[in-house]
Amino acid sequence: MPELPEVETVRRDLEKYLIGASFQSIKIINFKNVAPRATFLAKFLKGKKIVALGRRGKLLIVDLSAPDKHLLFHLKMTGQLIYEQSNKTLAGGHSLSDDSLTKAVGGKLPNKYTRAIFDLDKNRHLYFNDIRKFGYIKLVSNDELRDILKNNYGPEPMDKEFSFDYLKELCQKRSAPIKAVILNQKLIAGLGNIYADEALFAAKIRPDRPAKSLKRSELLDLHNLIIIIIKQAIKARGTTFRNYVDARGKKGNFVNYLQVYQRQGQTCLVCGGIISKIKVAGRGTHYCPHCQK
DNA sequence: AGTATCCTGGAA
DNA sequence: TTCCAGGATACT
């Protein structure tokens with residue numbers, strides 16, 4: 001599931017290929033989570049350029065050459081944003097092929113899960129794929145974007161504002177499970193189910209502990225490890241457990257470093273005990289009963 | 001604070 | 001055939 005490290009990987013990839021690209025035409029296919037409606041969006045985007053790619057939590061923000069307009073992408077559970085340049089015969093007769101790069105997504109694009117196609121200049125194409133159609137595409141003004149960010153996104157792990165004191169204050173008065181607290185995007189932006197479980201394992205804290213029950217030393221560890229794990233995951237280009245791929249259709253490598261996520265029934269890599277799976281905050285939750293107290 | 005909802009595919 | 005995956009929101 002695309003969380004902060006996955007969206008950041010896509011953002012960095014797209015930044016390499018799409019800065020300065022201008023929209024030619026767009027197609028929306030059997031997909032409702034688009035605002036404004038597809039025909040208006042297509043007309044608006046035509047000729048506009050991509051000037052910057054930003055991110056807040058799991059939200060990808062495309063700044064456009066139109067003043068006061070941003071195109072937002074949220075991948076939710078199964079969204080993918082894949083860049084491709086069409087095969088093109090060069091002056092010398094050589095053929096430019098992207099086949100090796102499209103193989104990771106299982107063949108040619110668009111595919112049956114392609115919900116939007118953005119055709120850009122220089123034979124560049126951006127495909128928005130989403131099996132479950134939970135993701136969304138939204139064109140917003142400066143004011144709308146400011147409100148969205150202000151109302152829904154707390155500081156993210158690498159921000160200065162995500163200090164130890166901030167985390168301590170969040171937890172002090174909450175009886176909700178610590179996992180629910182660190183998953184709440186309004187409190188900390190960017191963690192999802194994978195990195196929440198991994199951070200709590202690394203900090204040796206049971207996910208169902210009431211947040212207010214955490215000791216200072218545990219909060220210190222959790223604060224440090226959230227930051228460290230998110231950084232490591234970005235370095236590894238994210239985690240591909242099911243559907244996530246980067247902007248070139250390739251898988252993330254952090255799956256090789258997972259300690260507990262989806263490892264229920266397997267042996268703990270630290271103590272050799274058996275990893276458990278329970279439900280916390282409505283999510284499948286993986287932890288080691290021996291290591292995590 | 002917990003639960004239903006949006007969807008679909010894959011596993012049990 | 002039913003359950004599960006879990007991001008975010010709308011409910012209760």
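What you see is a predicted model, and the numbers here were worked out from it, not measured in a lab. Within every chain, numbering begins at 1; the chains are lettered A, B, ... in the order of the sequence lines, protein sequences first and strands thereafter. Side chains are part of it too, since the values below use all heavy atoms of this structure and drop only hydrogens, waters and symmetry mates.
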*Interatomic distance where CD belongs to A/Q80 and P belongs to B/dC7 [whole Å]*: 19 Å

_Pairwise P distance, B/dG9 and C/dA8 [rounded to whole Å]_ = 22 Å

*Calculate the interatomic distance between A/I131 atom CD1 and C/dG7 atom P; express it in whole Å.*
15 Å

_Rounded to whole Å, how long is the line connecting atom CZ of A/F31 with atom P of B/dC6?_
16 Å

*Just wondering, do A/F134 and C/dA8 stack (centres under 5.5 Å, planes under 30°)?*
no

*Would you classify A/G192 as touching base, sugar-phosphate or nothing, given that sugar-phosphate means primed atoms plus P, OP1 and OP2, and contacts are heavy atoms under 4.0 Å?*
sugar-phosphate

*Fit a plane to each ring of A/Y261 and A/H286, take the angle between them on a 0 to 90° scale, and name the class: parallel (under 30°), tilted (30 to 60°) or perpendicular (over 60°).*
perpendicular

_So, OP1 or OP2 of C/dG6: does either fall under 4.0 Å of a side-chain N or O from A/R242?_
no

_Under 4.0 Å, counting only non-hydrogen atoms across every strand here, what does A/M1 touch: a base, just sugar-phosphate, or nothing?_
sugar-phosphate

_Sugar-phosphate only, base, or nothing, as touched by A/N33 at under 4.0 Å among non-hydrogen atoms_ = nothing

*Between A/F254 and A/Y244, does the ring centre distance come in under 6.0 Å?*
no

*Name the nucleic acid region contacted by A/K133, choosing base, sugar-phosphate or nothing; use a 4.0 angstrom heavy-atom cut-off, strictly under.*
sugar-phosphate

*Look at the side chain of A/R132 and decide which nucleotide, out of B/dT8, C/dT9, C/dA8, has an atom nearest to it.*
B/dT8

*Looking at A/Y113, does any N or O in its side chain come under 4.0 Å of the phosphate oxygens OP1/OP2 on B/dG9?*
yes

*Base paired to B/dC7 (Watson-Crick or G-U; both N/O distances under 3.5 angstrom)*: none

*Of the nucleotides B/dG9, C/dG7, C/dA8, which one has an atom closest to the side chain of A/Q185?*
C/dA8

*Determine: side-chain N/O of A/H74 to OP1/OP2 of C/dA8, distance under 4.0 Å, yes or no.*
yes

*Side-chain H-bond candidate by donor/acceptor type, A/T9 with A/E6, under 3.5 Å*: no

*Using whole Å, report how far CD of A/E6 lies from P of C/dG6.*
13 Å

*Could you please name the option among B/dC7, B/dA1, C/dA8 that lies closest to any side-chain atom of A/A176?*
B/dA1

*How would you label the contact of A/Y261 with the nucleic acid (heavy atoms, under 4.0 Å): base, sugar-phosphate, or nothing?*
sugar-phosphate

*Does a side chain donor of either A/N142 or A/H70 reach within less than 3.5 Å of an acceptor in the other side chain?*
yes

_Does a side-chain N or O of A/N152 approach OP1 or OP2 of C/dT9 to a distance below 4.0 Å, or not?_
yes

*asked:* Check this for me, if you would: do A/R209 and A/E218 make a salt bridge, where the nitrogen-to-carboxylate-oxygen distance has to be below 4.0 angstrom?
replied: yes

*Given that both distances must come in under 3.5 Å, which nucleotide forms a Watson-Crick or G-U wobble pair with C/dG6?*
none

*Within this structure, what is the CG-to-C1' distance between A/N129 and B/dG9, rounded to whole angstrom?*
15 Å

*What do the steps show when you test A/L183 against A/I188 for side-chain contact (heavy atoms from CB on, under 4.5 Å), and what is the final call?*
CA-CA 7 Å; A/L183 274 179; A/I188 307 169; over 6 Å; no

_How many whole angstroms separate atom CG of A/N243 from atom C1' of C/dG6?_
12 Å

*Any side-chain N or O of A/K76 under 4.0 Å from OP1/OP2 of C/dT9?*
no

*Pick base, sugar-phosphate or nothing for A/F241, based on heavy-atom distances below 4.0 Å to the nucleic acid.*
nothing

